[in-house]
Amino acid sequence: MAGMRDYDDSEQDYVDACRSRSETQAAMFREVAQAARDHGDADVDLLEGALASLEYEYFNNMLIVLEGYFGERSRALLGRGGAVDEVRAVVRSLMEDGGTFVADPRSPLDPARTVLRLAPGDPVRLTLQQYMRLADAFFRQVEAHLSHGGQG
């Protein structure tokens, strides 16, 4: 996949499969969290705290996986700006900066125009809803770029 220049007929299938995996894993988290809440023996405050911590870790890692699905594809294939650059910046912040959002001078992002609205110095702690919004914007951008044959 490294250095790919043109989309072929299988690219949309690949994007669809990645989107499906992402949605399935998010649904699994939702189901497990609900099952834990439905278990009547738990201390509710402790349970909610544990679920919140798990949620941040789970969806931060899900974003790393999402970026990994497309990490070997060139910027020419994925496009520039928007959710693609936001995902890359957030993942870089998770992997290299201890989960503190750091701006990338090569791809400056205006927090007011991003999905997550993270500013430099903000902690990256994704919730299910934040992850789903960012992943959806990411997939829509990739699909739009794909539908234009990797042009714009």
Any side-chain heavy atom of [X] within less than 4.5 Å of one from [Y]?
X: V142; Y: Y69; result: no
X: F70; Y: V87; result: no
X: L128; Y: M132; result: yes
X: Q25; Y: Y58; result: yes
X: F138; Y: V115; result: no
X: R37; Y: Q34; result: yes
X: L126; Y: L116; result: yes
X: M62; Y: F29; result: no

Ionic contact status for R125 with E55, cut-off 4.0 Å: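 Looking at R125 together with E55, the answer is no, because their closest N to O distance does not fall below 4.0 Å.
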Would you find a donor on one side and an acceptor on the other, under 3.5 Å apart, between the side chain of S20 and the backbone of D16?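 A pair under 3.5 Å: no.
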Whether the side chain of E86 engages the backbone of T114 through a donor-acceptor N/O pair (distance < 3.5 Å, no angle test) should be reported.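 It does not hold such a pair.
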Consider only side-chain heavy atoms of I, L, V, M, F, W and Y, link residues closer than 4.5 Å, and tell whether V84 and M95 are in one cluster.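 Linked, V84 and M95 end up in one cluster.
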If you group Ile, Leu, Val, Met, Phe, Trp and Tyr by side-chain heavy-atom gaps below 4.5 Å, do V15 and L66 land in one group?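 In one cluster with V15: L66, yes.
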To the nearest 0.5 Å, tell me how far C18 SG sits from F139 CZ.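 Interatomic distance, C18 SG to F139 CZ, rounded to 0.5 Å: 5.5 Å.
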Once rounded to the nearest 0.5 Å, what's the spacing between atom CD of Q130 and atom CG of L63?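 These two atoms lie 10.5 Å from each other.
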Looking at [X] and [Y], what are the two nearest heavy atoms and their distance?
X: T127; Y: Y56; result: CG2-CE2, 4.0 Å
X: A119; Y: P111; result: CA-CG, 4.1 Å
X: S93; Y: F101; result: OG-CA, 3.5 Å
X: T100; Y: V124; result: C-CG2, 4.5 Å
X: L118; Y: P123; result: CD2-O, 3.9 Å

From CA spacing to verdict: side-chain contact (heavy atoms from CB on, under 4.5 Å), M28, V32: CA-CA 6 Å; M28 288 171 50; V32 167; 5.5 Å; no
